[in-house]
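Here the structure is laid out as structure tokens; the discussion comes afterwards.
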Amino acid sequence: MALLNVSRLTRYYKLSNVQAVRHYHKVSKLFQPLSVKPKDATVTKDEAISISQKLLMDTGIISLRSNGMFALLPLGERVMMKLTKLIDKEMSCIGAQRLSLPLLTSGDLWKKTGRWESTGQELLKIEDRHGKEYVLSPTHEEAITSLMSEIYPFSFRQLPLRLYQINSKFRDEMKPRFGLLRCREFIMKDLYTFDNSVEAAHDTYQEICSAYDRIFHRLRIPFLKVTGDCGSIGGTHSHEYHYISPTGEDTLCVCDNCGNSKNAELVSSDKSDSCDKCGSHVHQVAGIEVGHTFLLGTKYSKPLKALYQNESGKPELLQMGCYGIGVSRLLAASVEVLAEDKNIKWPWEIVPFKICLIGPKKGSKEASSALWVDHLAEVMSGMPGLLDEVVVDDRDRLTIGKRVMEAKQSGYPFIIVVGKRACEMVPMFELLDCTTGKSEFLSHKMLMNWVRELP
Ligand SMILES: [Zn+2]
């Protein structure tokens, strides 16, 4: 027995001791089809195109596959993974557990809550070979509440409970537009909370809102949190998180004095220019909704009979909340808000690559400096914060200028050019900081110092 344990330990030790491979990416091998432009046949003439849609398609980050449906290409997938990781981290801090529910939800459940009829044509209904009806879920209140209803007796000791997923949702938009901002298939983070009382559900609501604040703060894009419309989800209490952008489809009323903000849908037109809290002037801005929170009460637990057993052993209805972040929309909205001069600018936390290295053109006078490129790429990608974060534009038949232009368009925050001055006695490398627009020449030592100080 003891022997077995030792051999297991050795095996574990050996595995965990495997050296991390210093891996960097090469643009020549990246699947980033820059030249694939949407044909007239795929984008109808009256379809509105936004800055983010154009830039994300032009740079090979997303690809339009059919009306309102996009493929996330490898660079887009990298951004999505980082966004997901950021969200997972904050969800874990508030004790939320991730799960996955099926994309299809039984039509019967949607009939029980009344949304089968009330949702309208945005709800895509399908039938399987046995004639059973399903919805291609745009949201999962029915699915998760039904799950909870089937595990009675569910003890009060397990509350509060917070469950979320990050996966595809579907909404059959009449007019998909602006790329990932309003498409038919999208990726959403949806969190559902369960509490034993109205008060506890309120506390949960505040706690989740703080987690949302942290997520949006970490992306460092100014956002506006406004009182929202409960709409088709229902409930008693709702807030929306918005990025301010002329492309935004929501109108927000913001008080100049106290900051009280609301979705214009909640403001009657005769009171639209004065604040209902302090009476001061209210101005309007357009916003892209990136997050939404709802306090649901028993709107779903009642029809679907989702109960828990209280301290005296009696069944009681679960108090619920639901909280969404449009993750694919957030990706596009970041581009929409931050883009400058036809160049994407990513929030630092979600850049597809942190550093892009560009070497000399083949056959040019400075071609001998090419040796530096692999050396720098290897050293940098071996640093803790840069593992898998370095890309080399090795297409050496292209000029440096052309590659710098494309690296800027793709939104890489730092570009290092190994050019003419890398052939000098003391080799100098050009560092282009796309976050500030500044550039400077650094020696090898200075460059290494700079790299070590990256966040
Ligand atoms: Zn006010």
Side-chain angles (χ1 to χ4, degrees), residues 25 27 30-44 47-87 166 168-169 171 173 175-189 219-221 242-249 287-290 325-354 356 391 393 403-413 415 434-435:
H25 297 258
V27 173
L30 268 186
F31 183 64
Q32 188 189 5
L34 301 181
S35 53
V36 178
K37 295 271 160 68
K39 294 191 180 103
D40 291 340
T42 51
V43 176
T44 55
E47 188 176 333
I49 290 205
S50 60
I51 298 165
S52 59
Q53 179 177 6
K54 183 175 169 16
L55 286 179
L56 290 169
M57 291 202 312
D58 285 357
T59 50
I61 291 171
I62 62 170
S63 164
L64 181 67
R65 295 295 78 223
S66 59
N67 191 21
M69 288 184 259
F70 293 85
L72 269 181
L73 300 179
L75 278 190
E77 194 63 27
R78 284 183 70 89
V79 176
M80 188 57 73
M81 297 289 280
K82 289 190 173 187
L83 257 179
T84 304
K85 213 169 129 191
L86 188 155
I87 293 170
I166 299 179
S168 291
K169 302 281 183 287
R171 188 164 48 208
E173 294 282 353
K175 264 193 176 178
R177 55 199 173 275
F178 305 140
L180 294 181
L181 291 178
R182 188 166 291 280
C183 48
R184 296 204 289 168
E185 190 179 331
F186 49 95
I187 296 167
M188 197 163 111
K189 189 238 50 170
L219 291 170
R220 297 191 193 170
I221 296 174
H242 286 266
Y243 282 172
I244 307 304
S245 161
T247 313
E249 298 189 274
I288 302 172
E289 187 190 312
V290 285
I325 291 181
V327 189
S328 46
R329 185 187 279 183
L330 190 53
L331 181 158
S334 307
V335 173
E336 193 72 29
V337 174
L338 299 178
E340 268 173 32
D341 313 323
K342 294 183 188 161
N343 294 330
I344 292 176
K345 304 264 176 177
W346 297 104
W348 174 254
E349 295 253 12
I350 60 169
V351 288
F353 290 107
K354 289 180 179 167
C356 176
V391 65
D393 193 340
R403 284 177 286 160
V404 166
M405 196 187 77
E406 286 188 9
K408 283 182 176 172
Q409 277 172 352
S410 298
Y412 301 135
I415 302 169
C434 301
T435 64

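Index from 1, following the sequence.
Using a distance-only test at 3.5 Å, with no hydrogens or angles considered, a donor-acceptor pair links the side chain of Arg403 to the main chain of Asp393. In this structure, the side chain of Arg78 does not engage the main chain of Gly76 through any donor-acceptor pair within 3.5 Å. Between the side chain of Arg220 and the main chain of Pro347, no donor-acceptor pair closer than 3.5 Å is present. Between the Ser66 side chain and the Met69 main chain, no donor and acceptor come within less than 3.5 Å of each other.
Using a 4.5 Å cut-off on side-chain heavy atoms (C-beta onward), Pro176 and Arg182 make no contact. Using a 4.5 Å cut-off on side-chain heavy atoms (C-beta onward), Ile221 and Ser334 make contact. Residues Lys408 and Lys342 fail the side-chain proximity criterion, which asks for heavy atoms closer than 4.5 Å. Side-chain contact check for Val327 versus Met188: every heavy-atom pair is 4.5 Å or farther apart. For the pair Trp348 and Pro413, the minimum side-chain heavy-atom distance is below 4.5 Å. The shortest side-chain heavy-atom distance between Leu330 and Ile325 falls under the 4.5 Å cut-off. In this structure, Phe31 and Leu73 have side chains that are in contact, with non-hydrogen atoms separated by less than 4.5 Å. Counting only heavy atoms from C-beta outward, the side chains of His25 and Phe353 approach each other to under 4.5 Å.
Cation-pi contact between Arg65 and Phe70: absent, since separation from the ring centre below 6.0 Å together with deviation from the ring axis within 45° is not met.
Under the 4.0 Å criterion applied to side-chain N and carboxylate O atoms, Lys169 and Glu185 are not assigned as salt-bridge partners. The pair Lys345-Glu340 meets the salt-bridge criterion, with a side-chain N (NZ, NE, NH1 or NH2) lying under 4.0 Å from an Asp/Glu carboxylate O. The pair Lys82-Glu349 does not meet the salt-bridge criterion, since no charged nitrogen lies less than 4.0 angstrom from a carboxylate oxygen.
One finds the CD1 atom of Ile344 at 5.0 Å from the CG atom of Leu55 (value rounded to the nearest 0.5 Å). Distance check: Leu83 CG to Ser328 OG gives 9.5 Å after rounding to the nearest 0.5 Å. With rounding to the nearest 0.5 angstrom, the CH2 atom of Trp346 is 4.5 Å from the CG atom of Leu331. Remark: Leu64 CG to Leu180 CG distance equals 10.0 Å, nearest 0.5 Å.
The nearest pair of heavy atoms linking Leu30 to Leu75 is CD1-CD2, 4.4 Å. Ile187 and Met80 make their closest contact through CD1-CE, 4.0 Å (heavy atoms, listed as atom of the first residue, atom of the second, distance). Of all non-hydrogen atoms in Glu336 and Thr247, the two that sit nearest each other are OE2-OG1, 2.6 Å. Closest approach of Val337 and Ser245 over heavy atoms only: CG2-CB, 4.3 Å. Between Cys183 and Gly68 the shortest heavy-atom distance is CB-O, 3.1 Å. The nearest pair of heavy atoms linking Tyr412 to Pro352 is CE2-CG, 4.1 Å.
Around CE of Met81, the count of heavy atoms belonging to other residues, nucleotides or ligands within 6.0 Å does not exceed 12.
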Give the intermediate values and the outcome of side chain to side chain contact (heavy atoms under 4.5 Å, CB included) for residues Gln53 and Leu181.
CA-CA 8 Å; Gln53 179 177 6; Leu181 291 178; over 6 Å; no
Let's go through Arg329 and Ile288 carefully: what are the C-alpha distance in whole Å and the side-chain angles of both, what is the deciding distance for side chain to side chain contact (heavy atoms under 4.5 Å, CB included) to 0.1 Å, and is it a yes or a no?
CA-CA 9 Å; Arg329 185 187 279 183; Ile288 302 172; 4.1 Å; yes
Could you walk me through whether Val79 and Ile61 pass side chain to side chain contact (heavy atoms under 4.5 Å, CB included), step by step?
CA-CA 9 Å; Val79 176; Ile61 291 171; 5.6 Å; no
Determine whether Cys434 and Ile415 satisfy the following criterion, side chain to side chain contact (heavy atoms under 4.5 Å, CB included), listing intermediate values before the conclusion.
CA-CA 8 Å; Cys434 301; Ile415 302 169; 3.7 Å; yes
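Remark: the Gln32 side chain and the Ser410 side chain contain an N/O donor-acceptor pair separated by less than 3.5 Å. With hydrogens and angles left out, the side-chain atoms of Gln409 and Thr59 include no donor and acceptor closer than 3.5 Å.
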